[in-house]
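Numbers restart at 1 for each chain; the letters A, B, ... are given by sequence-line order, proteins then strands. Hydrogens, waters and symmetry mates play no part in the numbers below; they use all other heavy atoms, side chains included.
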Amino acid sequence: MSKNKPSLPQGTRDFDPATVRKRRHIFDTIRTVFELYGYQPLETPAMEQLDTLMGKYGEEGDKLIFKILNNGLGDPKNLEKATFAFQNVLAGKNDPNLTERALRYDLTIPFARYVAMNHGTLTFPFRRYQMQPVWRADRPQKGRYREFYQCDADVVGSYSLINEVELAAIYATAFKKLGIPVDIRVNNRKILAALAEVCGGADKMTDITVAIDKLDKIGLDKVKTELGERGLTDAQVSTIESYLAIDGTNDEKLALVGALFAGNPTGTKGVEELNHILNYPSTPPLTVDLTLARGLNYYTGTIFEVKALDVQMGSIGGGGRYDDLTGTFGVPNIPGVGISFGVDRIYDVMQELQLFPTNVHTGTTILFFNLGEAESRAAFGLLQQLRDRGIPAELYHEQAKFDKQFKYAEKKEIPYIVILGGTELAARQCQLKDLRTGQQSTLDFDQLLTADFI
RNA sequence: GUGGUUGUAGCUCAGUUGGUUAGAGCAUCAGAUUGUGGUUCUGAGGGUCGGGGGUUCGAACCCCCUCAUCCACCCCA
């Protein structure tokens, strides 16, 4: 026997019953909205082939992928192979003789893998949603976990910008239902690409976006410093500065960006796309944020990010358009666009703003007191009939003092208790007590079985 | 991956410059109270002081390592 205290791996959590109920409220809300927009459920395995994941999330992303050690490494006949493989890993390379599987890092790449494997049988455009945990070997901190859930909705096989409008509407609807005030920000990667082109540093796009993404956090001066450190010339930094100076309403910003990139086809296209989305009928309120970049490097068009207002928290959702996601799996020309909800952060935000409904009681409705052998047998019969009616009910597990059974009901916030003792049993009656009001009434068995429990 | 914070009973925390047997509140259990709880009173259980090593006559306290935690960076949901 080990005398070590049990513990959890870093960045993982247990969810107690109360927490699960609250989390379910979030999942149910999001699922309902997904279904409302015609998205269909999909689930994929917790682990993928390492090849499927590597190289899709950038260099930093690769480091954060949880890799799974192969089985059978201890077998003597594998000794040489395994030792050699280990040398490779120590040198910073992956070796399939040591690890060839990994935990999924997000839901988008596994979805792309699924689409690539099944493109012959899918009907396009294919809309799917997926709500499953993902794992990242990040260092945990506020709002950041090593195991967390994502809720994704993607549509593949369509270039139409109506998809973007609908996804924005899904965000707006879901967060409205949850009661979270949010700012939905949009930008377009084509505009960022144009910025890099105009600066003459098309190859510097990643450096530029990473730096300007921090504008509201570290300020203009530090962004300029960082751009310099990333190898951009003063002239290039100056161009970027004039881009960052663009401000005003959505329309004003887009007009200014359009003028700035007047001769640049990519930039013009990006501005057109954003204009189209913003002016489509019933598009929810969006904020054009020209500094929004998003890390995942497969985005090519519209990008989304959702920030909760009134609370200090990273983004609680994000997504965007990718024009050739399945290309790396050998199936070119399938475009797509998708969004993701960060359930764990949404939970933290709702907890902080006290947005969870408190009046909905979803646990046991009735507790039967256990007052003896004959009494509990009778109680059990009634109990089962109430359960057949769909009323959550339970019988105290053993005969005990009233005090104890009352306290149990109180702890579990059970609103009704039924007292069925010797006297009641003889008269085929029972006492029904509402613990919230303290009111108690005597009921025949038939009355109990047909009563309304609110 | 880098830097810092914290770790004492189930929970929240005291614990003096290193000095007998480490405390409190809440919670739990038992009794007062074999059929109507929440109040009150009495009593009890519960800790290798996160883990390992070191310094010392002596460590919850000092040093090193390690694990976990929270925060910042990197990056991200």
inquiry  = Please tell me whether A:F34 and A:Y129 form a close aromatic pair, meaning their ring centres lie under 6.0 Å apart.
reply    =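 A:F34 vs A:Y129: aromatic centres under 6.0 Å.
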
Check: A:F406 ring centroid to A:F369 ring centroid under 6.0 Å: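 Here the rings of A:F369 and A:F406 have centres that are less than 6.0 Å from each other.
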
Open item on the list: Is A:K401 close enough to B:U36 that one of its side-chain N or O atoms is under 4.0 Å from OP1 or OP2 there?
Closed with: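 No.
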
### Query
OP1 or OP2 of B:U69 less than 4.0 angstrom from a side-chain nitrogen or oxygen of A:R139, does that happen here?
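For A:R139, the contact criterion (side-chain N or O under 4.0 Å from OP1 or OP2 of B:U69) is not met.
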
Between the base of [N] and the side chain of [X], is there a donor-acceptor distance below 3.5 Å?
X	N	answer
A:R294	B:C75	no
A:Q10	B:U69	no
A:R144	B:C75	yes
A:E424	B:G35	yes

Just checking [X]: base, sugar-phosphate only, or nothing, at a heavy-atom cut-off of under 4.0 Å?
X	answer
A:L435	base
A:K214	sugar-phosphate
A:D403	sugar-phosphate
A:G317	sugar-phosphate
A:Q405	nothing
A:G372	nothing

A:F341 ring over B:A77 six-membered base ring, under 5.5 Å and 30°: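 Taking the rule of under 5.5 Å and under 30°, the ring of A:F341 does not stack on B:A77.
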
Which sits closer to the 5' end of RNA chain B, A:G318 or A:E226, going by the nucleotide each is nearest to?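 Nearer the 5' end of the strand: A:E226.
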
key: side-chain contact (heavy atoms from CB on, under 4.5 Å) partner of A:Y149, chosen from A:L107, A:I346, A:V134, A:V343   =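 Only match with A:Y149 under side-chain contact (heavy atoms from CB on, under 4.5 Å): A:V343.
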
